[in-house]
Amino acid sequence: MSEELKQEGGFGSSLALLDALGIGPVWVRRELAVEEVVAAAAVGSGAPAFAELAEAEPVVARQSEPASQVAPTETTSPAPAPTARPAPAPVAAPQRRSAPVEEDGGPPSWLDEMDFAASVEPMPMPIPDGDEEDEVPAVDPIIARVAAMDWPALKQQVADCRRCGLCQGRKNTVFGVGDEKAKWLFIGEGPGRNEDMQGEPFVGPAGKLLDNMLAAMGVKRGENAYIANIVKCRPTDDNGRDRPPSPQEVAACLPYLQRQIALIQPTVLVALGKTAALALLGLDPATPVSRLRGTVHRYQDLPLVVTYHPAYLLRTLNDKSRAWADLCLAMSTYQAQPR
């Protein structure tokens with residue numbers, strides 16, 4: 001075949017002719033001779049012949065002579081790649097299967113099933129607002145009601161309270177006593193045995209000492225003074241002895257005291273002992289009373305003075321002078337408040 005190509009100008013000249021026509025190298029059937037391809041390409045503009053050959057089976061033309069009879073090197077070297085030109089006649093693209101399109105939105109019709117399955121990750125279904133779990137716990141309905149109660153409703157609520165385990169061993173709830181419009185509010189830890197029996201705070205030996213402290217300040221129980229506790233029921237240990245209330249017990253009962261403070265609207269608060277001070281100020285349980293004394297604290301914009309509990313003073317007589325200094329600080333704070 002190389003000898004015949006040489007007579008017609010060589011294989012390189014044939015490639016040059018195709019390139020000049022803008023057709024370039026083509027794929028030919030095995031049974032077609034190169035001369036027939038060249039002759040077909042030379043007729044007319046060459047576009048119909050290219051369109052017909054494009055539909056033929058794409059097989060590279062093979063050489064029929066042995067490798068030893070191949071034409072010289074310059075005729076077998078690859079020709080430079082011609083500039084591609086789009087065919088005038090459109091060629092139908094192979095058909096693709098489309099993924100189904102749902103009414104509520106799905107993959108576009110131009111994505112076939114394989115592309116859609118491989119390239120589109122499944123989207124998580126959105127959770128309706130009603131099914132989402134609330135990270136913030138709901139407000140206790142009892143606490144919400146307590147915040148709007150008047151004195152009679154609040155007293156009845158405390159008398160019927162079952163919010164913690166202290167209700168199981170109590171004889172009486174100890175709501176509080178005094179002037180409901182008082183300027184002084186004294187807050188202790190919780191009822192003891194005598195208070196549990198009588199339903200009134202500070203009625204035992206500690207209560208007598210507190211009355212003496214109030215008298216030294218020019219204040220009398222029930223007159224311009226109100227006395228309450230952090231918890232309304234007596235906390236006891238397994239042996240029936242008095243103990244400080246637990247944080248859970250304080251949290252269960254504190255809304256009642258908070259409502260009492262809101263109803264009384266006192267001028268100065270006096271925390272009697274560590275439990276009362278830490279509960280009102282929200283401090284760490286390990287905080288000693290000595291670090292809280294001598295300073296005017298704030299509870300909801302109200303001045304708060306911390307001193308020792310009267311029961312502690314009965315056991316530690318030397319600290320009575322320090323307690324008196326605390327009461328003097330409270331009185332000077334009271335005098336400084338606007339009226």
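These numbers come from the heavy atoms of this one structure, side chains and all, not from hydrogens, waters or symmetry mates.
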Side chains of residues 282-294: which donor-acceptor partners sit under 3.5 Å, not counting sequence neighbours?
| residue | atom | partner | partner atom | Å |
| --- | --- | --- | --- | --- |
| Asp284 | OD1 | Ala286 | N | 2.8 |
| Thr287 | OG1 | Asp284 | O | 2.9 |
| Arg293 | NE | Asp326 | OD1 | 3.3 |
| Arg293 | NE | Asp326 | OD2 | 2.8 |
| Arg293 | NH2 | Arg322 | O | 3.2 |
| Arg293 | NH2 | Asp326 | OD1 | 3.2 |

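- Arg145 meets the side-chain hydrogen bond (donor to acceptor under 3.5 Å, both in side chains) test with no other residue; sequence neighbours excluded.
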Please output the side-chain donor-acceptor pairs of residues 309-317 that fall under 3.5 Å, not counting sequence neighbours, one pair per line with the distance.
| residue | atom | partner | partner atom | Å |
| --- | --- | --- | --- | --- |
| His309 | ND1 | Ala311 | N | 3.0 |
| Tyr312 | OH | Asp319 | OD2 | 2.5 |
| Arg315 | NH1 | Ala311 | O | 3.3 |

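- Looking at residues two or more places apart in sequence or on another chain, you find no side-chain hydrogen bond (donor to acceptor under 3.5 Å, both in side chains) involving Glu195.
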Which donor-acceptor pairs under 3.5 Å do the side chains of residues 202-220 make with protein atoms, sequence neighbours left out?
| residue | atom | partner | partner atom | Å |
| --- | --- | --- | --- | --- |
| Asp211 | OD1 | Arg221 | NE | 3.1 |
| Asp211 | OD1 | Arg221 | NH2 | 3.2 |
| Asn212 | ND2 | Lys208 | O | 3.4 |

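- By the neighbour-count criterion of 12 heavy atoms within 6.0 Å, atom CG of Asp238 is sparsely surrounded, having that number or fewer from other residues, nucleotides or ligands.
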request  = Test Trp184 against Met331 for side chain to side chain contact (heavy atoms under 4.5 Å, CB included), laying out the working first.
outcome  = CA-CA 10 Å; Trp184 290 93; Met331 287 186 290; 4.2 Å; yes
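- For the residue pair Gln198 / Asn194, no side-chain donor-acceptor distance below 3.5 Å is found, with atom types taken as modelled.
- Applying the salt bridge (Lys or Arg N to Asp or Glu O under 4.0 Å) rule to pairs touching residues 258-267 yields nothing, sequence neighbours excluded.
- Using a 4.5 Å heavy-atom cutoff, the side chains of Ile230 and Cys253 are not in contact.
- Val231 is not listed as a side-chain neighbour of Thr275, based on a closest heavy-atom distance of 4.5 Å or more.
- Judged as a salt bridge (charged side-chain N to carboxylate O under 4.0 Å, His left out), and not counting sequence neighbours, Arg170 has no contacts.
- Around atom NZ of Lys183, no more than 12 heavy atoms belonging to other residues, nucleotides or ligands sit under 6.0 Å away.
- Within the 4.5 Å cutoff, the side chain of Asp196 has no heavy atoms near those of the Cys233 side chain.
- Partners of Glu223 according to the salt bridge (charged side-chain N to carboxylate O under 4.0 Å, His left out) rule, which considers only residues two or more places apart in sequence or in another chain, do not exist here.
- Classified by interplanar angle (parallel below 30°, tilted 30° to 60°, perpendicular above 60°), the ring pair Phe175/Trp151 is perpendicular.
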request  = Carefully, step by step, assess Leu272 and Ile187 under the rule side chain to side chain contact (heavy atoms under 4.5 Å, CB included).
outcome  = CA-CA 6 Å; Leu272 303 171; Ile187 303 171; over 6 Å; no
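- Counting only heavy atoms from C-beta outward, the side chains of Glu189 and Pro244 approach each other to under 4.5 Å.
- Of all heavy-atom pairs spanning Thr173 and Ala159, the tightest one is OG1-CA, 3.8 Å.
- Looking only at side-chain heavy atoms (C-beta outward), Cys161 and Lys232 stay at 4.5 Å or farther from each other.
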inquiry  = Does Val268 form a side chain to side chain contact (heavy atoms under 4.5 Å, CB included) with Val296? I'd like the steps, not just the answer.
reply    = CA-CA 10 Å; Val268 178; Val296 178; over 6 Å; no
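- Considering only residues two or more places apart in sequence or on other chains, Asp237 meets the side-chain hydrogen bond (donor to acceptor under 3.5 Å, both in side chains) condition with Arg241.
- Considering only residues two or more places apart in sequence or on other chains, Lys320 meets the salt bridge (charged side-chain N to carboxylate O under 4.0 Å, His left out) condition with none of them.
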inquiry  = side chain to side chain contact (heavy atoms under 4.5 Å, CB included), that's the test. Do Gln258 and Ile261 meet it? Break it down for me.
reply    = CA-CA 5 Å; Gln258 292 172 337; Ile261 296 174; 5.6 Å; no
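- The salt bridge (charged side-chain N to carboxylate O under 4.0 Å, His left out) test applied to Arg298 returns no partner, not counting sequence neighbours.
- Under the 4.5 Å side-chain heavy-atom criterion for Ile, Leu, Val, Met, Phe, Trp and Tyr, Leu329 and Leu269 are members of distinct hydrophobic clusters.
- Lys181 is linked by a side-chain hydrogen bond (donor to acceptor under 3.5 Å, both in side chains) to nothing, counting only residues two or more places apart in sequence or in another chain.
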